[in-house]
Protein chains: 2
Amino acid sequence: MNSANTSTNKFEQLADSKQKSIIDASVNEFADNGFKNASVNKIVENAGISKGSLFNYFKSKNLLFDHIYQIALREVKSYLAKVRDESENDDFFTRFGKIINAGIAFINKHPRLARIYFRLLNSDDSPHGKEIIQNLHSEAIRYLTQFVEMGIERNELRSELNPGTVAFMMESILNRILQVHYLEIFDTKSNISKNDNNWIDEIVNTLKTGLSTIPPK
Amino acid sequence: MNSANTSTNKFEQLADSKQKSIIDASVNEFADNGFKNASVNKIVENAGISKGSLFNYFKSKNLLFDHIYQIALREVKSYLAKVRDESENDDFFTRFGKIINAGIAFINKHPRLARIYFRLLNSDDSPHGKEIIQNLHSEAIRYLTQFVEMGIERNELRSELNPGTVAFMMESILNRILQVHYLEIFDTKSNISKNDNNWIDEIVNTLKTGLSTIPPK
DNA sequence: TTTAATAATGACCACCCGGTCATTATTTCT
DNA sequence: AGAAATAATGACCGGGTGGTCATTATTAAA
(Lines give C-alpha, C1' and ligand atoms only; values in the text may rest on other atoms or scores of the structure.)
Protein backbone atom coordinates (compact mmCIF):
# COMPACT_ATOMS: atom_id res chain seq x y z
CA MET A 1 0.00 0.00 0.00
CA ASN A 2 2.92 2.31 -0.68
CA SER A 3 1.50 4.13 -3.70
CA ALA A 4 -2.00 5.26 -4.58
CA ASN A 5 -3.80 2.46 -6.37
CA THR A 6 -4.96 4.49 -9.34
CA SER A 7 -6.47 2.74 -12.30
CA THR A 8 -3.33 3.43 -14.31
CA ASN A 9 -0.96 2.18 -11.66
CA LYS A 10 0.05 -1.00 -13.45
CA PHE A 11 0.27 0.84 -16.73
CA GLU A 12 2.68 3.44 -15.44
CA GLN A 13 5.10 0.79 -14.28
CA LEU A 14 5.51 -0.48 -17.82
CA ALA A 15 8.54 0.23 -19.96
CA ASP A 16 8.27 3.62 -21.62
CA SER A 17 8.36 2.21 -25.13
CA LYS A 18 5.46 -0.08 -24.36
CA GLN A 19 3.47 2.75 -22.80
CA LYS A 20 4.12 4.83 -25.87
CA SER A 21 2.96 2.18 -28.31
CA ILE A 22 -0.26 1.68 -26.34
CA ILE A 23 -0.92 5.40 -26.11
CA ASP A 24 -0.17 5.88 -29.79
CA ALA A 25 -2.50 3.10 -30.82
CA SER A 26 -5.23 4.38 -28.50
CA VAL A 27 -4.93 7.99 -29.62
CA ASN A 28 -5.13 6.93 -33.24
CA GLU A 29 -8.13 4.70 -32.73
CA PHE A 30 -10.06 7.21 -30.64
CA ALA A 31 -9.18 10.02 -33.03
CA ASP A 32 -10.41 8.07 -36.04
CA ASN A 33 -13.55 6.59 -34.52
CA GLY A 34 -14.63 8.48 -31.41
CA PHE A 35 -15.13 6.64 -28.18
CA LYS A 36 -17.87 4.12 -28.75
CA ASN A 37 -16.86 3.14 -32.26
CA ALA A 38 -13.23 2.75 -31.31
CA SER A 39 -12.28 -0.92 -31.18
CA VAL A 40 -10.25 -2.27 -28.29
CA ASN A 41 -9.34 -5.21 -30.51
CA LYS A 42 -7.72 -2.88 -33.04
CA ILE A 43 -5.92 -0.96 -30.31
CA VAL A 44 -4.25 -4.06 -28.90
CA GLU A 45 -3.46 -5.26 -32.40
CA ASN A 46 -1.77 -1.99 -33.34
CA ALA A 47 -0.05 -1.73 -29.97
CA GLY A 48 1.31 -5.26 -30.33
CA ILE A 49 -0.06 -6.56 -27.03
CA SER A 50 -2.76 -9.00 -26.04
CA LYS A 51 -6.25 -7.95 -25.06
CA GLY A 52 -5.86 -9.48 -21.63
CA SER A 53 -2.85 -7.28 -20.97
CA LEU A 54 -4.66 -4.10 -21.90
CA PHE A 55 -7.50 -4.94 -19.53
CA ASN A 56 -4.89 -5.65 -16.91
CA TYR A 57 -3.43 -2.14 -17.30
CA PHE A 58 -6.81 -0.41 -17.62
CA LYS A 59 -9.88 -1.93 -16.05
CA SER A 60 -12.14 -0.79 -18.86
CA LYS A 61 -12.29 1.02 -22.16
CA ASN A 62 -13.66 4.03 -20.24
CA LEU A 63 -10.60 4.29 -18.02
CA LEU A 64 -8.30 3.92 -20.98
CA PHE A 65 -10.05 6.85 -22.62
CA ASP A 66 -9.81 8.88 -19.43
CA HIS A 67 -6.06 8.37 -19.40
CA ILE A 68 -5.70 9.48 -23.01
CA TYR A 69 -7.86 12.51 -22.33
CA GLN A 70 -5.77 13.53 -19.33
CA ILE A 71 -2.67 13.47 -21.50
CA ALA A 72 -4.35 15.74 -24.05
CA LEU A 73 -5.57 18.13 -21.38
CA ARG A 74 -2.09 18.48 -19.87
CA GLU A 75 -0.70 19.29 -23.30
CA VAL A 76 -3.32 21.98 -23.97
CA LYS A 77 -2.83 23.66 -20.62
CA SER A 78 0.92 23.88 -21.05
CA TYR A 79 0.34 25.58 -24.40
CA LEU A 80 -2.04 28.14 -22.94
CA ALA A 81 0.28 28.91 -20.04
CA LYS A 82 3.15 29.41 -22.46
CA VAL A 83 1.36 31.92 -24.65
CA ARG A 84 0.10 33.82 -21.60
CA ASP A 85 3.59 34.22 -20.21
CA GLU A 86 5.24 35.04 -23.52
CA SER A 87 2.84 37.83 -24.46
CA GLU A 88 2.75 39.65 -21.14
CA ASN A 89 3.94 42.96 -22.56
CA ASP A 90 1.82 43.00 -25.71
CA ASP A 91 -1.35 45.02 -26.03
CA PHE A 92 -4.70 43.26 -25.87
CA PHE A 93 -5.27 42.76 -29.58
CA THR A 94 -1.77 41.53 -30.31
CA ARG A 95 -2.22 39.08 -27.49
CA PHE A 96 -5.46 37.78 -28.90
CA GLY A 97 -3.76 37.24 -32.24
CA LYS A 98 -1.03 35.28 -30.50
CA ILE A 99 -3.55 33.13 -28.68
CA ILE A 100 -5.15 32.22 -31.99
CA ASN A 101 -1.79 31.39 -33.51
CA ALA A 102 -0.88 29.29 -30.49
CA GLY A 103 -4.04 27.27 -31.04
CA ILE A 104 -3.14 26.75 -34.67
CA ALA A 105 0.37 25.70 -33.68
CA PHE A 106 -1.08 23.20 -31.21
CA ILE A 107 -3.25 21.61 -33.88
CA ASN A 108 -0.25 21.38 -36.19
CA LYS A 109 1.82 19.72 -33.50
CA HIS A 110 -0.87 17.41 -32.09
CA PRO A 111 -3.36 16.87 -34.87
CA ARG A 112 -4.68 13.62 -33.43
CA LEU A 113 -5.31 15.14 -30.01
CA ALA A 114 -7.13 17.97 -31.74
CA ARG A 115 -9.20 15.38 -33.55
CA ILE A 116 -10.21 13.77 -30.29
CA TYR A 117 -11.15 17.18 -28.93
CA PHE A 118 -13.28 18.17 -31.90
CA ARG A 119 -15.01 14.78 -31.84
CA LEU A 120 -15.71 15.24 -28.16
CA LEU A 121 -17.28 18.64 -28.79
CA ASN A 122 -20.67 17.46 -29.91
CA SER A 123 -20.58 13.72 -30.07
CA ASP A 124 -21.51 12.94 -26.49
CA ASP A 125 -20.61 9.28 -26.92
CA SER A 126 -17.67 9.58 -24.57
CA PRO A 127 -17.77 8.55 -20.91
CA HIS A 128 -17.81 12.01 -19.38
CA GLY A 129 -18.17 13.91 -22.64
CA LYS A 130 -20.57 16.56 -21.43
CA GLU A 131 -18.63 17.38 -18.26
CA ILE A 132 -15.33 17.43 -20.10
CA ILE A 133 -16.59 19.89 -22.67
CA GLN A 134 -18.27 22.11 -20.10
CA ASN A 135 -15.02 22.19 -18.20
CA LEU A 136 -12.96 23.10 -21.23
CA HIS A 137 -15.34 25.86 -22.20
CA SER A 138 -15.55 27.44 -18.80
CA GLU A 139 -11.78 27.24 -18.45
CA ALA A 140 -11.38 28.95 -21.81
CA ILE A 141 -13.88 31.65 -20.84
CA ARG A 142 -12.10 32.23 -17.54
CA TYR A 143 -8.75 32.39 -19.32
CA LEU A 144 -10.03 34.95 -21.83
CA THR A 145 -11.98 36.93 -19.24
CA GLN A 146 -8.69 37.59 -17.46
CA PHE A 147 -7.27 39.06 -20.64
CA VAL A 148 -10.30 41.27 -21.15
CA GLU A 149 -10.24 42.57 -17.59
CA MET A 150 -6.57 43.30 -17.94
CA GLY A 151 -7.27 45.10 -21.23
CA ILE A 152 -9.88 47.29 -19.54
CA GLU A 153 -7.52 48.08 -16.66
CA ARG A 154 -4.84 49.10 -19.12
CA ASN A 155 -7.38 51.34 -20.85
CA GLU A 156 -7.07 49.42 -24.09
CA LEU A 157 -10.72 48.35 -24.02
CA ARG A 158 -13.86 50.39 -23.35
CA SER A 159 -14.61 50.35 -19.66
CA GLU A 160 -18.33 49.74 -20.14
CA LEU A 161 -17.76 46.33 -21.76
CA ASN A 162 -18.89 43.18 -19.99
CA PRO A 163 -15.74 41.04 -19.78
CA GLY A 164 -17.71 37.78 -19.78
CA THR A 165 -19.60 38.72 -22.92
CA VAL A 166 -16.47 39.79 -24.73
CA ALA A 167 -14.73 36.60 -23.66
CA PHE A 168 -17.66 34.62 -25.03
CA MET A 169 -17.37 36.34 -28.39
CA MET A 170 -13.64 35.80 -28.49
CA GLU A 171 -14.02 32.16 -27.66
CA SER A 172 -16.65 31.69 -30.34
CA ILE A 173 -14.38 33.13 -32.99
CA LEU A 174 -11.27 31.40 -31.68
CA ASN A 175 -12.99 28.04 -31.69
CA ARG A 176 -14.29 28.50 -35.18
CA ILE A 177 -10.92 29.53 -36.56
CA LEU A 178 -9.35 26.46 -35.00
CA GLN A 179 -12.11 24.27 -36.33
CA VAL A 180 -11.53 25.57 -39.83
CA HIS A 181 -7.81 24.94 -39.48
CA TYR A 182 -8.50 21.47 -38.17
CA LEU A 183 -10.72 20.70 -41.16
CA GLU A 184 -8.02 21.95 -43.52
CA ILE A 185 -5.65 19.39 -42.09
CA PHE A 186 -7.99 16.44 -42.00
CA ASP A 187 -10.08 17.12 -45.06
CA THR A 188 -7.90 17.41 -48.13
CA LYS A 189 -10.91 18.54 -50.14
CA SER A 190 -11.42 21.57 -47.94
CA ASN A 191 -11.55 24.70 -50.03
CA ILE A 192 -11.65 27.22 -47.21
CA SER A 193 -7.92 27.78 -47.01
CA LYS A 194 -8.01 31.12 -45.27
CA ASN A 195 -5.48 30.17 -42.69
CA ASP A 196 -2.99 32.96 -43.12
CA ASN A 197 -2.01 35.72 -40.75
CA ASN A 198 -3.65 38.42 -42.82
CA TRP A 199 -7.00 36.81 -42.28
CA ILE A 200 -6.47 36.51 -38.54
CA ASP A 201 -5.31 40.12 -38.32
CA GLU A 202 -8.38 41.19 -40.22
CA ILE A 203 -10.65 39.42 -37.78
CA VAL A 204 -8.89 40.81 -34.73
CA ASN A 205 -8.97 44.27 -36.21
CA THR A 206 -12.67 44.07 -37.07
CA LEU A 207 -13.37 43.04 -33.52
CA LYS A 208 -11.28 45.98 -32.37
CA THR A 209 -12.95 48.73 -34.35
CA GLY A 210 -16.44 47.29 -34.73
CA LEU A 211 -18.75 47.17 -37.70
CA SER A 212 -20.82 50.32 -37.44
CA THR A 213 -20.25 53.47 -39.46
CA ILE A 214 -21.35 55.47 -36.45
CA PRO A 215 -18.50 55.76 -33.92
CA PRO A 216 -19.58 55.41 -30.27
CA LYS A 217 -20.34 58.76 -28.65
CA MET B 1 -41.39 3.11 -65.12
CA ASN B 2 -43.72 6.03 -64.65
CA SER B 3 -42.03 7.71 -61.66
CA ALA B 4 -38.38 8.14 -60.74
CA ASN B 5 -37.23 5.12 -58.81
CA THR B 6 -35.78 6.99 -55.84
CA SER B 7 -34.69 5.09 -52.80
CA THR B 8 -37.63 6.47 -50.85
CA ASN B 9 -40.20 5.67 -53.49
CA LYS B 10 -41.86 2.82 -51.64
CA PHE B 11 -41.72 4.77 -48.41
CA GLU B 12 -43.53 7.77 -49.81
CA GLN B 13 -46.45 5.64 -50.91
CA LEU B 14 -47.12 4.59 -47.33
CA ALA B 15 -49.95 5.97 -45.26
CA ASP B 16 -48.99 9.28 -43.69
CA SER B 17 -49.39 8.04 -40.14
CA LYS B 18 -47.03 5.14 -40.81
CA GLN B 19 -44.49 7.45 -42.41
CA LYS B 20 -44.71 9.73 -39.42
CA SER B 21 -44.15 6.98 -36.88
CA ILE B 22 -41.09 5.76 -38.80
CA ILE B 23 -39.68 9.25 -39.13
CA ASP B 24 -40.32 9.98 -35.47
CA ALA B 25 -38.62 6.81 -34.32
CA SER B 26 -35.67 7.43 -36.64
CA VAL B 27 -35.22 11.05 -35.62
CA ASN B 28 -35.28 10.08 -31.96
CA GLU B 29 -32.80 7.26 -32.38
CA PHE B 30 -30.36 9.27 -34.52
CA ALA B 31 -30.68 12.26 -32.20
CA ASP B 32 -29.89 10.18 -29.14
CA ASN B 33 -27.11 8.07 -30.59
CA GLY B 34 -25.65 9.62 -33.71
CA PHE B 35 -25.50 7.63 -36.91
CA LYS B 36 -23.33 4.64 -36.23
CA ASN B 37 -24.56 3.97 -32.71
CA ALA B 38 -28.19 4.29 -33.69
CA SER B 39 -29.87 0.89 -33.72
CA VAL B 40 -32.11 -0.11 -36.60
CA ASN B 41 -33.64 -2.72 -34.32
CA LYS B 42 -34.76 -0.06 -31.88
CA ILE B 43 -36.10 2.13 -34.68
CA VAL B 44 -38.37 -0.59 -36.02
CA GLU B 45 -39.41 -1.50 -32.51
CA ASN B 46 -40.42 2.08 -31.68
CA ALA B 47 -42.00 2.61 -35.07
CA GLY B 48 -44.08 -0.54 -34.63
CA ILE B 49 -42.99 -2.20 -37.87
CA SER B 50 -40.85 -5.17 -38.75
CA LYS B 51 -37.23 -4.92 -39.73
CA GLY B 52 -37.91 -6.45 -43.11
CA SER B 53 -40.38 -3.67 -43.89
CA LEU B 54 -37.93 -0.93 -43.03
CA PHE B 55 -35.31 -2.41 -45.34
CA ASN B 56 -37.99 -2.66 -47.96
CA TYR B 57 -38.69 1.08 -47.71
CA PHE B 58 -35.03 2.10 -47.38
CA LYS B 59 -32.34 -0.08 -48.89
CA SER B 60 -29.90 0.65 -46.07
CA LYS B 61 -29.40 2.51 -42.81
CA ASN B 62 -27.42 5.10 -44.79
CA LEU B 63 -30.35 5.91 -47.06
CA LEU B 64 -32.70 6.12 -44.12
CA PHE B 65 -30.40 8.68 -42.53
CA ASP B 66 -30.19 10.64 -45.76
CA HIS B 67 -33.95 10.91 -45.83
CA ILE B 68 -34.11 12.17 -42.25
CA TYR B 69 -31.37 14.66 -42.97
CA GLN B 70 -33.19 16.02 -46.01
CA ILE B 71 -36.25 16.65 -43.87
CA ALA B 72 -34.18 18.58 -41.35
CA LEU B 73 -32.47 20.62 -44.06
CA ARG B 74 -35.79 21.62 -45.62
CA GLU B 75 -37.01 22.78 -42.21
CA VAL B 76 -33.92 24.91 -41.55
CA LYS B 77 -34.04 26.58 -44.95
CA SER B 78 -37.67 27.54 -44.56
CA TYR B 79 -36.81 29.16 -41.24
CA LEU B 80 -33.96 31.16 -42.72
CA ALA B 81 -36.05 32.31 -45.65
CA LYS B 82 -38.78 33.43 -43.30
CA VAL B 83 -36.53 35.58 -41.14
CA ARG B 84 -34.91 37.12 -44.20
CA ASP B 85 -38.26 38.17 -45.63
CA GLU B 86 -39.71 39.37 -42.36
CA SER B 87 -36.80 41.65 -41.45
CA GLU B 88 -36.34 43.33 -44.79
CA ASN B 89 -36.85 46.83 -43.45
CA ASP B 90 -34.78 46.53 -40.30
CA ASP B 91 -31.28 47.88 -39.97
CA PHE B 92 -28.34 45.49 -40.10
CA PHE B 93 -27.89 44.97 -36.38
CA THR B 94 -31.57 44.49 -35.65
CA ARG B 95 -31.60 41.92 -38.42
CA PHE B 96 -28.68 40.04 -36.96
CA GLY B 97 -30.46 39.94 -33.63
CA LYS B 98 -33.52 38.52 -35.33
CA ILE B 99 -31.48 35.86 -37.08
CA ILE B 100 -30.09 34.75 -33.75
CA ASN B 101 -33.56 34.65 -32.23
CA ALA B 102 -34.87 32.69 -35.20
CA GLY B 103 -32.17 30.11 -34.60
CA ILE B 104 -33.17 29.85 -30.97
CA ALA B 105 -36.81 29.50 -31.96
CA PHE B 106 -35.90 26.71 -34.35
CA ILE B 107 -34.10 24.78 -31.64
CA ASN B 108 -37.08 25.21 -29.36
CA LYS B 109 -39.45 23.94 -32.02
CA HIS B 110 -37.28 21.12 -33.36
CA PRO B 111 -34.94 20.14 -30.55
CA ARG B 112 -34.33 16.67 -31.91
CA LEU B 113 -33.40 17.95 -35.36
CA ALA B 114 -31.04 20.39 -33.69
CA ARG B 115 -29.54 17.48 -31.80
CA ILE B 116 -28.86 15.61 -35.02
CA TYR B 117 -27.25 18.73 -36.46
CA PHE B 118 -24.96 19.34 -33.49
CA ARG B 119 -23.97 15.69 -33.46
CA LEU B 120 -23.19 15.90 -37.13
CA LEU B 121 -20.96 18.93 -36.58
CA ASN B 122 -17.87 17.11 -35.45
CA SER B 123 -18.71 13.48 -35.17
CA ASP B 124 -17.95 12.45 -38.72
CA ASP B 125 -19.53 9.03 -38.21
CA SER B 126 -22.37 9.86 -40.57
CA PRO B 127 -22.47 8.72 -44.19
CA HIS B 128 -21.71 12.06 -45.82
CA GLY B 129 -21.00 13.95 -42.62
CA LYS B 130 -18.12 16.06 -43.90
CA GLU B 131 -19.86 17.15 -47.08
CA ILE B 132 -23.09 17.92 -45.26
CA ILE B 133 -21.34 20.15 -42.75
CA GLN B 134 -19.25 21.92 -45.37
CA ASN B 135 -22.43 22.60 -47.29
CA LEU B 136 -24.27 23.97 -44.28
CA HIS B 137 -21.38 26.24 -43.35
CA SER B 138 -20.87 27.67 -46.80
CA GLU B 139 -24.61 28.21 -47.16
CA ALA B 140 -24.64 30.05 -43.84
CA ILE B 141 -21.67 32.17 -44.86
CA ARG B 142 -23.29 33.02 -48.17
CA TYR B 143 -26.53 33.89 -46.41
CA LEU B 144 -24.78 36.19 -43.95
CA THR B 145 -22.48 37.70 -46.57
CA GLN B 146 -25.58 38.95 -48.38
CA PHE B 147 -26.66 40.76 -45.24
CA VAL B 148 -23.25 42.32 -44.76
CA GLU B 149 -23.05 43.53 -48.36
CA MET B 150 -26.51 44.99 -48.01
CA GLY B 151 -25.45 46.68 -44.78
CA ILE B 152 -22.46 48.26 -46.49
CA GLU B 153 -24.61 49.45 -49.39
CA ARG B 154 -27.02 51.05 -46.97
CA ASN B 155 -24.09 52.77 -45.31
CA GLU B 156 -24.78 51.02 -42.00
CA LEU B 157 -21.42 49.24 -42.03
CA ARG B 158 -17.95 50.59 -42.74
CA SER B 159 -17.22 50.31 -46.45
CA GLU B 160 -13.70 49.00 -45.94
CA LEU B 161 -14.93 45.81 -44.24
CA ASN B 162 -14.47 42.46 -45.95
CA PRO B 163 -17.98 40.97 -46.12
CA GLY B 164 -16.70 37.38 -46.04
CA THR B 165 -14.66 38.01 -42.92
CA VAL B 166 -17.52 39.72 -41.13
CA ALA B 167 -19.86 36.91 -42.15
CA PHE B 168 -17.38 34.43 -40.72
CA MET B 169 -17.31 36.25 -37.41
CA MET B 170 -21.07 36.47 -37.29
CA GLU B 171 -21.45 32.79 -38.06
CA SER B 172 -18.94 31.88 -35.37
CA ILE B 173 -20.88 33.79 -32.75
CA LEU B 174 -24.28 32.70 -34.02
CA ASN B 175 -23.27 29.05 -33.95
CA ARG B 176 -21.90 29.34 -30.46
CA ILE B 177 -24.99 31.04 -29.10
CA LEU B 178 -27.15 28.33 -30.61
CA GLN B 179 -24.87 25.65 -29.21
CA VAL B 180 -25.20 27.12 -25.74
CA HIS B 181 -28.96 27.24 -26.08
CA TYR B 182 -28.97 23.66 -27.32
CA LEU B 183 -26.96 22.55 -24.32
CA GLU B 184 -29.34 24.37 -21.99
CA ILE B 185 -32.18 22.29 -23.39
CA PHE B 186 -30.47 18.93 -23.42
CA ASP B 187 -28.27 19.24 -20.38
CA THR B 188 -30.30 20.01 -17.30
CA LYS B 189 -27.12 20.55 -15.32
CA SER B 190 -26.02 23.38 -17.58
CA ASN B 191 -25.30 26.48 -15.55
CA ILE B 192 -24.68 28.85 -18.42
CA SER B 193 -28.23 30.14 -18.63
CA LYS B 194 -27.49 33.40 -20.43
CA ASN B 195 -30.15 32.90 -23.01
CA ASP B 196 -32.05 36.14 -22.67
CA ASN B 197 -32.46 38.96 -25.08
CA ASN B 198 -30.30 41.33 -23.06
CA TRP B 199 -27.35 39.08 -23.55
CA ILE B 200 -27.93 38.82 -27.29
CA ASP B 201 -28.35 42.58 -27.58
CA GLU B 202 -25.13 43.05 -25.70
CA ILE B 203 -23.25 40.80 -28.09
CA VAL B 204 -24.71 42.46 -31.17
CA ASN B 205 -23.92 45.85 -29.77
CA THR B 206 -20.36 44.95 -28.90
CA LEU B 207 -19.88 43.71 -32.43
CA LYS B 208 -21.33 47.00 -33.64
CA THR B 209 -19.13 49.39 -31.72
CA GLY B 210 -16.01 47.29 -31.31
CA LEU B 211 -13.75 46.78 -28.33
CA SER B 212 -11.11 49.43 -28.64
CA THR B 213 -11.02 52.66 -26.70
CA ILE B 214 -9.55 54.35 -29.75
CA PRO B 215 -12.27 55.18 -32.28
CA PRO B 216 -11.33 54.50 -35.94
CA LYS B 217 -9.84 57.56 -37.68
C1' DT C 1 -64.99 -17.35 -54.21
C1' DT C 2 -60.83 -18.60 -56.10
C1' DT C 3 -56.52 -16.96 -57.76
C1' DA C 4 -52.82 -13.91 -58.45
C1' DA C 5 -50.07 -10.01 -56.86
C1' DT C 6 -48.30 -7.39 -53.21
C1' DA C 7 -46.95 -6.26 -48.43
C1' DA C 8 -45.34 -7.46 -43.93
C1' DT C 9 -42.92 -10.47 -40.99
C1' DG C 10 -39.16 -12.18 -37.79
C1' DA C 11 -35.99 -16.08 -37.52
C1' DC C 12 -31.60 -16.26 -39.15
C1' DC C 13 -26.83 -14.94 -40.93
C1' DA C 14 -21.97 -13.64 -40.42
C1' DC C 15 -19.61 -10.38 -37.94
C1' DC C 16 -17.83 -7.53 -34.28
C1' DC C 17 -18.06 -5.85 -29.63
C1' DG C 18 -16.09 -5.24 -24.50
C1' DG C 19 -14.64 -8.07 -21.07
C1' DT C 20 -13.02 -12.66 -18.56
C1' DC C 21 -9.96 -16.13 -16.92
C1' DA C 22 -7.66 -20.65 -17.12
C1' DT C 23 -3.39 -21.55 -19.14
C1' DT C 24 1.28 -20.47 -20.45
C1' DA C 25 5.57 -17.75 -20.42
C1' DT C 26 8.69 -14.90 -17.95
C1' DT C 27 10.96 -12.98 -14.10
C1' DT C 28 12.44 -12.97 -9.20
C1' DC C 29 13.88 -15.06 -5.15
C1' DT C 30 15.98 -18.78 -2.40
C1' DA D 1 18.64 -25.06 -10.50
C1' DG D 2 14.24 -25.20 -8.60
C1' DA D 3 10.25 -22.90 -6.58
C1' DA D 4 7.28 -19.11 -6.21
C1' DA D 5 5.43 -14.99 -7.89
C1' DT D 6 4.23 -12.17 -11.57
C1' DA D 7 3.03 -10.96 -16.41
C1' DA D 8 1.14 -12.02 -20.84
C1' DT D 9 -1.88 -14.58 -23.62
C1' DG D 10 -6.00 -15.57 -26.67
C1' DA D 11 -9.96 -18.72 -26.80
C1' DC D 12 -14.26 -17.92 -25.18
C1' DC D 13 -18.65 -15.52 -23.48
C1' DG D 14 -23.13 -13.13 -23.94
C1' DG D 15 -24.86 -9.64 -26.49
C1' DG D 16 -25.73 -6.45 -30.25
C1' DT D 17 -25.08 -5.19 -35.23
C1' DG D 18 -26.95 -4.29 -40.30
C1' DG D 19 -29.02 -6.88 -43.55
C1' DT D 20 -31.63 -11.13 -45.93
C1' DC D 21 -35.33 -13.99 -47.47
C1' DA D 22 -38.51 -17.92 -47.16
C1' DT D 23 -42.90 -17.79 -45.15
C1' DT D 24 -47.28 -15.73 -43.96
C1' DA D 25 -50.94 -12.21 -44.20
C1' DT D 26 -53.35 -8.92 -46.83
C1' DT D 27 -55.24 -6.90 -50.82
C1' DA D 28 -56.76 -6.79 -55.79
C1' DA D 29 -58.35 -9.06 -59.90
C1' DA D 30 -60.96 -12.71 -62.06
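Sequence lines set the chain letters: A, B, ... in the order given, protein chains first and strands last, and positions in each chain run from 1.
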* Cation-pi check, A:Arg115 to A:Phe186: give yes when NZ or CZ is under 6.0 Å from the six-membered ring centre and within 45° of the ring axis, no otherwise. => yes
* Please work out whether the ring planes of A:Tyr69 and A:Phe65 are parallel, tilted or perpendicular, with thresholds of 30° and 60°. => parallel
Short side-chain N/O contact from [X] to OP1 or OP2 of [N], under 4.0 Å:
{"X": "B:Asn41", "N": "D:dT17", "result": "yes"}
{"X": "A:Lys61", "N": "C:dG18", "result": "yes"}
{"X": "A:Ser39", "N": "C:dC17", "result": "yes"}
{"X": "A:Tyr57", "N": "D:dA8", "result": "yes"}
{"X": "B:Lys10", "N": "C:dT6", "result": "no"}

[X] [atom1] to [N] [atom2]: how many Å, rounded?
{"X": "A:Leu63", "N": "C:dG18", "atom1": "CG", "atom2": "P", "result": "14 Å"}
{"X": "B:Asn37", "N": "C:dC17", "atom1": "CG", "atom2": "C1'", "result": "11 Å"}
{"X": "B:Asn56", "N": "D:dG18", "atom1": "CG", "atom2": "P", "result": "18 Å"}
{"X": "B:Gln19", "N": "C:dA8", "atom1": "CD", "atom2": "P", "result": "12 Å"}
{"X": "B:Ile49", "N": "D:dG19", "atom1": "CD1", "atom2": "P", "result": "14 Å"}
{"X": "A:Asn33", "N": "C:dC16", "atom1": "CG", "atom2": "C1'", "result": "13 Å"}
{"X": "B:Ile43", "N": "D:dG18", "atom1": "CD1", "atom2": "P", "result": "8 Å"}
{"X": "A:Phe58", "N": "C:dG18", "atom1": "CZ", "atom2": "C1'", "result": "16 Å"}

* Asked: Going by distance alone, is a donor N or O of one side chain under 3.5 Å from an acceptor N or O of the other, for A:Asn108 and A:His181?
  ->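 A donor-acceptor contact under 3.5 Å links the two side chains.
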* Hey, are B:Asn46 and B:Glu29 close enough side-chain-wise for a donor-acceptor pair under 3.5 Å? ->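 B:Asn46 and B:Glu29 do not have a side-chain donor-acceptor pair below 3.5 Å.
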* Between A:Ser53 and A:Val40, name the one whose nearest nucleotide on DNA chain C is closer to the 5' end. => A:Val40
Side chain of [X] only, please: which of [options] is the nearest?
{"X": "B:Lys18", "options": "C:dA8, C:dC17, D:dT20", "result": "C:dA8"}
{"X": "B:Lys51", "options": "D:dA11, C:dT9, D:dG19", "result": "D:dG19"}
{"X": "A:Phe55", "options": "D:dG18, C:dT9, C:dG19", "result": "C:dG19"}

* Is A:Lys59 side chain donor-acceptor paired with the C:dG19 base, going by distance under 3.5 Å alone? ->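 No pair found.
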* Asked: Within a reach of under 6.0 Å around NZ of A:Lys130, are more than 12 heavy atoms found that belong to other residues, nucleotides or ligands?
  ->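 For A:Lys130, atom NZ is crowded (more than 12 foreign heavy atoms under 6.0 Å).
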